[in-house]
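The structure under discussion appears below in the form of structure tokens.
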There are 4 protein chains.
Amino acid sequence: MSDHRGGPVRSEAARIAILDATARLFAARGYDHLTMEGIAAEAGVAKQTIYRWWPSKGALVSECLLAGRLMPERLVPPSTGDLRTDLVEWFTEIFSVMQRPDGEGLVLSLIAAATENVEIGKRLYESLGAASSLTERLQSAIGDGQLRVDAPLEEIGEALIGALLLRALSRNPSDLESVTRLIDALIRP
Amino acid sequence: MSDHRGGPVRSEAARIAILDATARLFAARGYDHLTMEGIAAEAGVAKQTIYRWWPSKGALVSECLLAGRLMPERLVPPSTGDLRTDLVEWFTEIFSVMQRPDGEGLVLSLIAAATENVEIGKRLYESLGAASSLTERLQSAIGDGQLRVDAPLEEIGEALIGALLLRALSRNPSDLESVTRLIDALIRP
Amino acid sequence: MSDHRGGPVRSEAARIAILDATARLFAARGYDHLTMEGIAAEAGVAKQTIYRWWPSKGALVSECLLAGRLMPERLVPPSTGDLRTDLVEWFTEIFSVMQRPDGEGLVLSLIAAATENVEIGKRLYESLGAASSLTERLQSAIGDGQLRVDAPLEEIGEALIGALLLRALSRNPSDLESVTRLIDALIRP
Amino acid sequence: MSDHRGGPVRSEAARIAILDATARLFAARGYDHLTMEGIAAEAGVAKQTIYRWWPSKGALVSECLLAGRLMPERLVPPSTGDLRTDLVEWFTEIFSVMQRPDGEGLVLSLIAAATENVEIGKRLYESLGAASSLTERLQSAIGDGQLRVDAPLEEIGEALIGALLLRALSRNPSDLESVTRLIDALIRP
DNA sequence: GCGTAAACGAGACGGTACGTCGTGTCTTGAT
DNA sequence: ATCAAGACACGACGTACCGTCTCGTTTACGC
């Protein structure tokens with residue numbers, strides 16, 4: 001199958017150590033303070049071993065993101081029956097989960113990473129759960145009759161996540177009322 | 001009145017040269033490639049002169065942004081009478097205006113700057129015209145009867161700009177149709 | 001007799017390829033630019049194969065030197081009958097032969113190698129022909145009556161080669177006159 | 001006189017610290033183990049500060065050599081009246097002074113440095129005292145009648161230093177007898 | 001013939017050092 | 001007091017080799 005005729009094989013231990021170190025440092029200090037040297041040291045690995053497999057800091061973070069190492073938990077919208085309440089709760093949770101006392105917020109770090117790295121940008125949308133779980137939740141709301149059958153699910157998701165990013169960038173604290181107003185604007189016919 | 005006791009006052013020439021250089025380099029190479037040394041050299045100014053008046057690269061860019069040196073032109077939404085068409089055209093124009101062939105796009109650079117600098121984040125929203133001109137356009141649409149009197153203008157603006165940012169980050173080319181769908185989702189509840 | 005119980009023996013092809021590659025690269029780029037990785041690549045051989053049989057770069061070069069792979073030709077002093085003329089010519093030839101246009105001179109490379117590696121140091125003297133051919137020539141000069149019977153042949157050789165090295169290190173171009181003066185100082189007491 | 005119109009000036013403290021560190025590390029570990037990073041660390045200086053003023057390790061060592069920071073003491077030949085005895089003693093002293101238990105010998109390090117750096121090569125000869133003090137000693141021997149008035153002082157010096165280098169490279173321990181024989185070969189008519 | 005064990009190519013690995021770039025602070029002499 | 005110039009300590013960059021270490025493959029002996 002493969003024409004690899006022997007030779008050493010990529011060290012899985014090193015791979016894991018690097019990704020772990022990346023995730024750990026990313027969470028602890030944010031994307032901007034992430035350095036290849038720091039990762040190498042934290043992972044107990046030679047810098048060259050990183051560069052051998054990843055071209056850049058961005059690629060590393062991108063892979064962590066894809067592997068779900070950067071998100072603290074699954075950000076699935078709740079499904080209590082009332083779409084409005086569910087979305088408000090979900091939005092609020094994302095917002096609160098993604099602030100850390102020490103460094104900059106997780107979202108900000110992700111956005112910073114996305115500006116530098118195409119892959120991260122492409123994955124940002126789906127990583128925030130919009131592509132899958134959010135759309136699912138909206139879909140089921142159509143079943144409930146809480147949304148019109150022709151509701152533009154994708155666009156609602158985009159707008160929601162987009163507003164989230166904008167608020168993160170603006171450092172606007174999102175109180176319950178403003179979140180509710182935003183969501184109403186999107187799902188209220 | 002003043003307790004300034006001799007010595008030259010702040011050189012206006014230097015101030016202008018620095019802001020000009022910043023804007024020039026920002027436009028040419030993007031926020032990431034912007035360096036204090038580069039700005040100083042481009043402006044024909046000593047580094048210390050920059051640090052004396054601005055605490056950081058971000059502050060510099062922030063001031064440029066506020067002074068309107070970073071935006072190529074006024075991005076005021078057109079006002080032809082049909083809100084939908086106007087918004088689509090406005091959105092499309094922003095999107096197209098803000099790509100540069102060489103480096104990364106202008107929006108991406110602004111977003112990157114915003115992740116690092118609070119001020120820029122706070123100004124990003126209004127700088128993209130949402131705070132003033134966009135809201136005005138929406139307001140006038142209420143007068144037209146194209147929007148309900150209780151339409152949540154602020155939130156529509158947020159969602160619109162937010163979606164714009166998200167698309168910039170995702171590097172999704174926004175074709176006419178997808179833009180239209182997005183705007184429909186927001187103004188045709 | 002041997003406790004070798006099967007398995008391939010040392011590959012002569014690899015051995016030759018390695019020594020050839022070493023000599024080739026040494027001649028082309030000098031001792032300083034010689035790298036184990038470069039040799040392995042040039043020889044089409046795994047690095048480990050080199051390390052299996054030679055402990056260091058120096059050992060490799062030392063063996064090349066012993067095998068006569070580094071010297072372009074035999075540097076035997078001529079024997080026209082006049083010792084003085086012969087030595088001048090021999091000295092001059094060594095000097096001129098051992099310059100390469102691109103890198104550093106061959107002698108310099110040998111000296112560099114000798115500073116790092118004891119074996120090369122020990123062999124340097126004889127490799128430059130002093131131990132054998134030069135002493136022979138001096139010996140025959142005693143037969144001619146051109147040198148006293150109790151002339152310190154060994155020491156004359158040392159002084160001659162030593163002066164050669166010093167001039168190589170000093171990058172002093174040796175013109176005919178200065179060479180003649182040096183040799184006169186040694187054989188015309 | 002100078003057209004230097006203000007601006008910071010080269011830090012003499014840094015310059016001294018760097019040269020001192022270089023000399024210290026050179027003496028302790030030899031030329032091969034000398035690294036720019038090591039020097040910078042030892043001197044408490046940024047690497048860039050070294051590269052700003054010296055292009056290479058060789059240049060640094062060369063300047064130390066010129067400043068007399070590498071030679072443990074003045075290697076002036078004694079002047080007891082008997083040339084032969086004086087030279088033997090001088091030769092022996094140089095030889096013994098320049099062996100250190102830990103690293104490689106000082107001469108070997110100097111030779112290694114000279115192969116890499118032209119300046120060091122040019123200075124090696126005079127640094128070993130040959131150019132000045134040795135020639136002086138020989139000169140005074142002419143006054144004594146211990147050398148012929150037309151004795152080729154320069155060449156004798158070259159041969160002597162050259163032989164010294166060769167012996168250092170060959171790691172030949174120089175016993176009293178062999179040194180005496182060498183010197184006899186050079187100064188005995 | 002048939003294991004079996006050394007030698008081989010390939011090349012990944014943890015390291016060390018390289019020479020360069022940008023940071024933010026500082027010092028100097030001129031204006 | 002502010003300026004242009006630029007040296008400074010610091011931290012990170014991405015690259016080159018080092019010497020060691022697995023991998024599968026390829027022999028050539030001793031049973």
Side-chain angles (χ1 to χ4, degrees), chain A residues 2 4-11 13-15 17 33-41 43-53 55-57, chain B residues 4-11 13-14 17 33-41 43-53 55-57, chain C residues 2 4-11 13-15 33-41 43-53 55-57, chain D residues 2 4-11 13-15 33-41 43-53 55-57:
Chain A
S2 156
H4 172 65
R5 302 199 317 109
V9 122
R10 177 167 184 180
S11 157
R15 202 184 71 90
H33 296 98
L34 203 59
T35 68
M36 293 303 240
E37 300 215 323
I39 294 171
V45 137
K47 254 197 299 183
Q48 189 57 50
T49 299
I50 303 184
Y51 283 109
R52 186 158 23 238
W53 303 109
S56 67
K57 196 171 71 160
Chain B
H4 171 65
R5 306 199 307 107
V9 285
R10 175 168 186 180
S11 155
H33 296 95
L34 204 60
T35 69
M36 293 303 240
E37 301 212 322
I39 295 171
V45 138
K47 263 200 296 180
Q48 187 55 44
T49 301
I50 304 183
Y51 282 109
R52 191 161 16 240
W53 305 109
S56 67
K57 193 172 72 164
Chain C
S2 155
H4 172 64
R5 305 200 310 107
V9 284
R10 176 170 187 180
S11 155
R15 202 184 72 89
H33 296 95
L34 205 58
T35 69
M36 291 304 240
E37 300 212 323
I39 295 170
V45 138
K47 262 199 295 181
Q48 188 56 45
T49 301
I50 303 184
Y51 282 108
R52 196 170 1 248
W53 305 108
S56 68
K57 193 171 74 162
Chain D
S2 156
H4 172 66
R5 301 198 317 110
V9 122
R10 177 169 184 179
S11 158
R15 201 184 71 90
H33 296 98
L34 204 59
T35 68
M36 293 303 240
E37 301 215 321
I39 295 170
V45 137
K47 254 197 299 182
Q48 189 57 51
T49 300
I50 304 183
Y51 284 110
R52 184 155 29 235
W53 303 110
S56 66
K57 195 172 71 160

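First the proteins, then the strands, lettered A, B, ... as listed; each starts at 1. The shown structure was predicted, so the numbers you read here are calculated from the model rather than taken from an experiment.
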Just compare [options] and give me whichever is closest to any side-chain atom of [X].
{"X": "Glu37(A)", "options": "dG9(E), dA4(F), dG14(F)", "result": "dG14(F)"}
{"X": "Ala46(D)", "options": "dC10(F), dA7(F), dC8(E)", "result": "dC10(F)"}
{"X": "Gln48(A)", "options": "dG14(E), dT15(F), dC18(E)", "result": "dT15(F)"}
{"X": "Tyr51(D)", "options": "dC18(F), dG9(E), dC18(E)", "result": "dC18(E)"}

Rounded to whole Å, how long is the line connecting atom [atom1] of [X] with atom [atom2] of [N]?
{"X": "Ile50(A)", "N": "dA12(F)", "atom1": "CD1", "atom2": "P", "answer": "13 Å"}
{"X": "Arg15(A)", "N": "dC13(E)", "atom1": "CZ", "atom2": "C1'", "answer": "16 Å"}
{"X": "Ile39(A)", "N": "dG14(F)", "atom1": "CD1", "atom2": "P", "answer": "11 Å"}

If you find the nucleotide of DNA chain F closest to Ala43(B) and the one closest to Ala14(D), which residue's nucleotide is nearer the 5' end?
Ala43(B)
Heavy-atom nearest nucleotide on DNA chain F taken for Arg10(D) and for Ser56(A); more 5' hit belongs to Arg10(D)
Please tell me if [X] has a side-chain N or O lying less than 4.0 Å from either OP1 or OP2 of [N].
{"X": "Trp53(C)", "N": "dA6(E)", "answer": "no"}
{"X": "Arg52(C)", "N": "dC8(E)", "answer": "yes"}
{"X": "Thr49(A)", "N": "dG14(E)", "answer": "yes"}

Comparing Pro55(D) and Ser11(A) on DNA chain E - which has the more 5′ nearest nucleotide
Ser11(A)
Mapping Lys47(D) and Met36(B) onto DNA chain E by nearest heavy atom, which one lands closer to the 5' end?
Lys47(D)
Using a heavy-atom cut-off of 4.0 Å across all strands, would you classify Gly38(A) as base, sugar-phosphate, or nothing?
nothing
Compare every heavy atom of [Y] with every heavy atom of [X], then report the nearest pair and how far apart it is.
{"X": "Met36(B)", "Y": "Lys47(B)", "value": "O-CG, 4.4 Å"}
{"X": "Ala43(A)", "Y": "Ala17(A)", "value": "CB-O, 3.5 Å"}
{"X": "Ala46(B)", "Y": "Ala40(B)", "value": "C-CB, 4.3 Å"}
{"X": "Ser11(B)", "Y": "Ala14(B)", "value": "OG-N, 3.0 Å"}

Is the NZ or CZ atom of Arg15(A) positioned over Trp53(A)'s six-membered ring, under 6.0 angstrom from the centre and within 45° of the axis?
no
Can you list the residues that meet the side chain to side chain donor-acceptor pair (under 3.5 Å) rule with Lys57(D), with sequence neighbours excluded?
none
What's the angle between the local helix axes at either end of the helix from dG1(E)-dC31(F) to dT31(E)-dA1(F), using five pairs per end and rounding to 10 degrees?
10°
To the nearest 0.5 Å, what is the distance between CD1 on Ile39(B) and CD1 on Ile50(B)?
5.5 Å
